Protein chains: 2
Amino acid sequence: MTPNKEDYLKEIYKLGGAEKLVGNKQIAEVLKIAPASVTEMLIKLSHEGLLHYEPYKGSCLTKEGLQIAITLLRGHRLWEVFLMRHLGYSWSEAHEDAELLEHITPPRLSGRLDKFLNYPAYCPHGSAIPHSDGQIDRKPLRPLVQLAAGESSHIRKVAEEKELLDYLQSLGIEIDGAVTVASIGPYEGPLMLDLDGRQVQVSHKAACQIYVDER
Amino acid sequence: MTPNKEDYLKEIYKLGGAEKLVGNKQIAEVLKIAPASVTEMLIKLSHEGLLHYEPYKGSCLTKEGLQIAITLLRGHRLWEVFLMRHLGYSWSEAHEDAELLEHITPPRLSGRLDKFLNYPAYCPHGSAIPHSDGQIDRKPLRPLVQLAAGESSHIRKVAEEKELLDYLQSLGIEIDGAVTVASIGPYEGPLMLDLDGRQVQVSHKAACQIYVDER
DNA sequence: TTTGTAAATTAGGATCGCCTAAATGAAGGG
DNA sequence: CCCTTCATTTAGGCGATCCTAATTTACAAA
Ligand SMILES: [Mn+2]
Ligand SMILES: [Mn+2]
Ligand SMILES: [Mn+2]
Ligand SMILES: [Mn+2]
C-alpha cells in the first residue's frame with residue numbers, strides 16, 4: 001500500500017464505490033490523473049484484490065479495499081478533530097493537513113488519538129468518524145438547497161472543499177447550528193438564511209453542499 | 001523534496017554533515033540502501049544545492065540542506081513529545097511513529113504543535129528540539145561509559161534505537177534522573193548503576209549510548 | 001439501424017529511486 | 001614505491017507511476 005493507492009481507494013469510496021460501479025472518468029477527475037493512468041492503476045488494484053474492475057464499466061471496492069478506505073477516513077477525521085480542537089486550525093486548514101496525516105496513521109495511532117479526543121462521533125465538518133471496527137453511524141441528510149422558503153432545520157454537515165470551507169467559515173456557519181431559510185433567490189439565486197437570528201446570504205452552489213436533517 | 005531525500009539529509013546531519021564530510025558508506029548503512037544508490041542520490045542532491053559532494057571524499061550539507069534536516073528533526077522531536085505526553089506512547093513507539101510524522105509536518109503544523117506542547121526544549125529521549133528559526137541549544141555531554149566507578153551524574157540523553165530504548169525503558173532509566181556508577185565489570189562487562197537508590201545493571205554497549213553531564 | 005460522442009483502453013515513453021556486478025580510486029603497510 | 005584492501009563509482013536493469021497520442025468500445029440520439 002502506498003499513499004497514492006490509498007487515495008485511489010478512498011476517492012472510489014467517496015464516489016460511492018462501496019455500493020455501485022464508479023467510472024474511470026470521475027476517478028481521474030478527483031485525483032487529477034490522466035484517464036489512461038487510472039485504467040492502469042485500477043487493473044493493478046484489482047489484481048491486488050482491493051477492487052472489482054469491469055473494463056468499460058467501472059470499479060467497486062472489495063471488502064479489503066473498503067476496509068482500507070474506511071481506515072483512511074477514520075484517521076483523516078480524527079486528525080481533523082485534533083487539529084481544530086487543540087491546535088486552532090480552521091476548517092480548511094484542518095482538512096488540508098489531515099489529507100497528509102491520514103496516510104501515516106497506523107491503528108495504534110488512530111486508536112490512541114481516538115481515546116485522547118474522547119471518541120468523537122463526527123469530524124469538524126460533520127462527517128461520521130468510522131469506529132475502529134469499520135462501523136459507521138450514518139445519519140440521513142438532505143442538501144440545504146432542497147428546503148422550501150420558511151423551512152427550518154439544523155446544519156449537520158458541509159462538503160470538504162477548501163474554497164467552500166473558507167467561504168462557509170467566514171460566514172459563521174456552524175455544524176449543528178439551527179437554520180431557517182428566509183428566502184430563495186430565483187433562477188439559482190442566493191438563499192437568505194437565518195442562523196440563530198443572524199441573517200446570512202449563501203450562494204445556490206454552496207447551499208447544494210450544506211446538509212441538514214432529513215424530514 | 002520527498003520523504004527519502006529528507007531522510008538522506010537528516011541522516012547526513014546526524015552523522016556530522018553540518019561540520020565535516022560524511023562518507024557514502026555510513027550513509028548507506030544507516031539508510032539501508034546500496035552504496036551505488038547512495039552515490040547516485042548524493043549527486044542528485046548536490047545538483048539541487050542541498051549538499052556539497054566531493055567524489056571519493058564525502059558530503060556535507062549546504063545551508064539549505066541543513067535547514068531541511070533541522071526542520072525535520074524539529075518535527076520529529078515535537079511529535080515524540082506529543083505522542084508520549086498525550087497518547088501514552090513508549091520511548092520506542094514514539095520514535096517509530098515520529099519517523100513517519102516528521103515528513104508531513106509543514107511549519108504551520110510544527111509551530112502550532114510547539115505552542116500546544118508549551119515549547120518543550122527536549123524530546124523524550126533528551127535531544128534538543130530546534131527552534132523554528134533553526135537554532136539549537138546544545139549541551140555538552142559524555143557517554144555514561146566514560147564515568148569511573150563511584151562517579152555520579154545525571155542522565156541527559158539516550159541514543160534513539162528501538163531495541164536500546166525498549167531495554168532502557170524496561171530498566172526504568174529516566175532522562176534527568178541521577179545516576180551513580182557503583183561498579184564496572186571488567187573486559188567490557190556490565191555496569192552496576194545506582195538510580196535514586198535503585199540498583200540496576202546495564203550492558204557496556206548500552207552505557208556507550210547513554211549520555212550524562214560533562215564534567 | 002446507423003452514427004456521433006464521450007469514455008475507456010492500448011501503445012509507447014519518461015522519470016524516479018532502487019538494485020547487482022564490475023571497474024576504478026585512495027591510502028596505508030611493507 | 002608497490003600492493004592489498006576497502007570505499008566508491010560506473011554500467012546496465014527493474015518496477016512503479018505517471019504522461020500523451022492513437023485506437024477502440026459503449027451508448028444513445030436520429
Ligand atoms: Mn490523502
Ligand atoms: Mn472532515
Ligand atoms: Mn523518516
Ligand atoms: Mn527523540
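No experiment lies behind these values; they were computed from the predicted model shown. Hydrogens, waters and symmetry mates play no part in the numbers below; they use all other heavy atoms, side chains included. Below, chain A is the first sequence line, B the second, and so on; all start at residue 1.
Taking the centre and axis of the six-membered ring of Y89(B), the NZ or CZ atom of R112(A) falls inside the cone set by 45° and 6.0 Å. Relative to the six-membered ring of Y167(B), K162(B) misses at least one condition, a distance below 6.0 Å or an angle of at most 45° to the axis.
Note: CG (L31(A)) to P (dC18(D)) measures 8 Å, nearest angstrom. Atom CD1 in I33(A) sits roughly 13 Å away from atom C1' in dA16(D) (whole-Å rounding). H47(B) has its NE2 atom 13 Å from the P atom of dG17(C), to the nearest Å. Between E40(B) atom CD and dC14(D) atom P there is a gap of 15 Å when expressed in whole angstrom units. Rounded to an integer number of Å, the gap from Y56(A) OH to dT25(D) C1' is 5 Å. For the pair K25(A) NZ and dC27(D) C1', the interatomic distance rounds to 15 Å; values are reported in whole Å. As a whole-Å value, the separation of K5(A) NZ from dC18(D) P is 10 Å. Rounded to a whole Å, the CE atom of M41(B) is 17 Å from the P atom of dT8(D).
Distances shown here put a side-chain N or O of N4(A) below 4.0 Å from the OP1 or OP2 atom of dC18(D). Under 4.0 angstrom from either OP1 or OP2 of dT17(D) there lies at least one side-chain N or O belonging to T2(A). An OP1 or OP2 oxygen of dT17(D) is reached within less than 4.0 angstrom by no side-chain nitrogen or oxygen of S37(A).
In terms of position on DNA chain C, the residue among N24(A) and A36(B) whose nearest nucleotide sits closer to the 5' end is N24(A). Mapped onto DNA chain D by nearest heavy atom, K32(A) and P55(B) fall at different nucleotides, with P55(B) at the one closer to the 5' end.
Relative orientation of the F82(A) and H86(A) rings is tilted, given thresholds of 30° and 60° on the angle between their planes.
Between K5(B) and L45(B) there is a side-chain heavy-atom pair separated by less than 4.5 Å.
Distances from the side chain of Y8(B) to the nucleotides dA8(C), dT10(D), dC18(C) place dC18(C) closest. Closest to the side chain of K44(B), out of dG17(C), dT10(C), dT17(D), is dG17(C).
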Hey, can you pull the donor-acceptor pairs under 3.5 Å for the side chains in residues 71-78 of chain A, sequence neighbours left out?
{"residue": "T71(A)", "atom": "OG1", "partner": "Q67(A)", "partner atom": "O", "Å": "2.9"}
{"residue": "T71(A)", "atom": "OG1", "partner": "Q67(A)", "partner atom": "NE2", "Å": "2.8"}
{"residue": "R74(A)", "atom": "NH1", "partner": "D114(A)", "partner atom": "OD2", "Å": "3.2"}
{"residue": "R74(A)", "atom": "NH1", "partner": "P130(A)", "partner atom": "O", "Å": "3.1"}
{"residue": "R74(A)", "atom": "NH2", "partner": "D114(A)", "partner atom": "OD2", "Å": "3.4"}
{"residue": "H76(A)", "atom": "ND1", "partner": "E102(A)", "partner atom": "OE1", "Å": "2.9"}
{"residue": "H76(A)", "atom": "NE2", "partner": "E80(A)", "partner atom": "OE2", "Å": "2.7"}
{"residue": "H76(A)", "atom": "NE2", "partner": "H95(A)", "partner atom": "ND1", "Å": "3.1"}
{"residue": "R77(A)", "atom": "NH1", "partner": "A128(A)", "partner atom": "O", "Å": "2.8"}

